[in-house]
Protein chains: 2
Amino acid sequence: MDELRQELKIRGYRLTSQREAVLRAIYEGACTQSVEEIHERAKQWLPSLGLTTVYRTLELLKHARKVQEIYLGDGKVRYEPILETHHHHLICQVCGKVEPVEGCFLSPFEGATLVRNGFQILGHRLELYGRCRDCQEG
Amino acid sequence: MDELRQELKIRGYRLTSQREAVLRAIYEGACTQSVEEIHERAKQWLPSLGLTTVYRTLELLKHARKVQEIYLGDGKVRYEPILETHHHHLICQVCGKVEPVEGCFLSPFEGATLVRNGFQILGHRLELYGRCRDCQEG
DNA sequence: AAACCTATTGAAAATAATTTTCATATATCA
DNA sequence: TGATATATGAAAATTATTTTCAATAGGTTT
């Protein structure tokens with residue numbers, strides 16, 4: 001949270017109770033949350049928090065690389081915190097649950113440039129789809 | 001296209017000029033296209049085609065596993081055809097261009113079950129972010 | 001080929017998510 | 001504490017997507 005304070009100061013932004021509430025909601029909530037869910041959770045600490053402010057704060061945190069967007073196929077964008085531990089997702093195609101998996105064999109390629117077309121790789125995202133234990137029949 | 005005809009028949013759907021136009025637009029267009037783009041392209045062959053029908057056809061093709069959704073962070077969902085050749089994407093963070101990359105070392109894990117939590121992997125998606133050749137300074 | 005029946009279509013209306021506007025409130029700094 | 005520019009909440013506006021419904025047109029049967 002202190003780190004955030006620094007980040008904001010550097011960029012000329014202000015640290016407000018709204019921003020703290022949204023950030024806390026993101027970090028304490030599920031792996032991925034919709035804007036509505038983040039809003040609900042954050043209102044625990046700050047009941048007067050407006051939905052518009054949640055949208056604005058998420059935009060801010062996205063630029064500050066504190067959160068990441070993820071789209072699961074229903075009409076709404078979800079957000080998750082960018083943690084120190086790089087991870088990917090297991091997405092159950094039956095119940096929709098999202099679980100994180102740590103460990104990644106792609107990290108060594110960060111910074112690499114592909115010979116075929118000169119594309120320089122700076123990051124990646126991997127989503128594994130399938131069925132969680134609870135959703136396997138038989 | 002004949003394959004599609006079969007697919008539709010099996011499911012009790014009809015093969016209409018609209019559906020053919022949308023499918024053709026998807027296959028002949030860029031790697032990923034927005035609904036609006038698909039609509040514009042398809043109107044070349046069928047000017048009377050309505051946007052609603054494009055949405056409906058994409059939903060149909062999604063269920064028939066002919067197309068896949070992808071979200072690039074602007075507010076709209078994009079679609080791409082599911083081709084026989086499994087591939088992933090190189091997404092330029094500067095200009096937004098999307099290029100396909102073939103070859104995938106994750107395929108052997110399809111069907112595998114993770115020991116840690118019993119999750120059965122059935123498919124995956126990998127997106128590589130970075131800078132395309134044209135967008136690298138220096 | 002004509003008739004039938006049901007799936008499909010286009011346009012407009014409705015919805016849902018997200019963004020913009022604007023007057024008010026409040027962090028931050030002198 | 002006061003000045004000031006940024007941030008906020010509510011409402012309005014916008015944008016993407018879905019639903020409604022009367023009209024159309026596949027595909028099958030005769």
TODO: Can you sort out the partners of B:K62 under side chain to side chain donor-acceptor pair (under 3.5 Å), two or more places apart, ordered by chain and number?
DONE: B:E69
TODO: For A:H39 and A:T53, indicate whether the former's side chain and the latter's backbone hold a donor-acceptor pair under 3.5 Å.
DONE: no
- [ ] Over 60° means perpendicular and under 30° means parallel, so classify the ring planes of B:H86 and B:H124, tilted if in between.
- [x] perpendicular
- [ ] Please confirm whether the backbone N or O of B:L126 pairs with a side-chain atom of B:H88, one donor and one acceptor, at under 3.5 Å?
- [x] yes
TODO: Would you kindly give the CZ-to-C1' distance between B:R19 and D:dG27, to the nearest whole Å?
DONE: 13 Å
Open item on the list: Test your reading of the model: is there a side-chain donor-acceptor pair from B:Q33 to the backbone of B:A25, 3.5 Å cut-off?
Closed with: yes
Open item on the list: From CG of A:L60 over to P of D:dA7, roughly how many Å is that when rounded to an integer?
Closed with: 8 Å
Open item on the list: Using modelled atom types and a 3.5 Å cut-off, is there a donor and acceptor pairing between side-chain atoms of A:Q136 and backbone atoms of B:G118?
Closed with: yes
- [ ] Would you mind building the protein contact string for nucleotides 19-30 of chain C? One character per nucleotide, 5' to 3', B for base within reach (heavy atoms under 4.0 Å), S for sugar-phosphate only, - for untouched.
- [x] BBB----BBS--
Task: Under-4.0 Å salt bridge between B:E59 and B:R56 - done: no
Open item on the list: Closer than 3.5 angstrom, by distance alone: can the side chain of A:R19 be matched with the main-chain N or O of A:R14 as a donor-acceptor pair?
Closed with: yes
Open item on the list: Between C1' on D:dA25 and CD on B:E20, what's the gap in Å once rounded to a whole number?
Closed with: 14 Å
Open item on the list: Below 4.0 angstrom, which residues in residues 69-79 of chain B have at least one non-hydrogen atom near DNA chain C?
Closed with: none
Task: 5' precedence on DNA chain C between B:T53 and B:G12 (nearest-nucleotide basis) - done: B:G12
- [ ] Nearest whole angstrom, please: distance from the C1' of D:dG26 to the CG of B:L8.
- [x] 12 Å
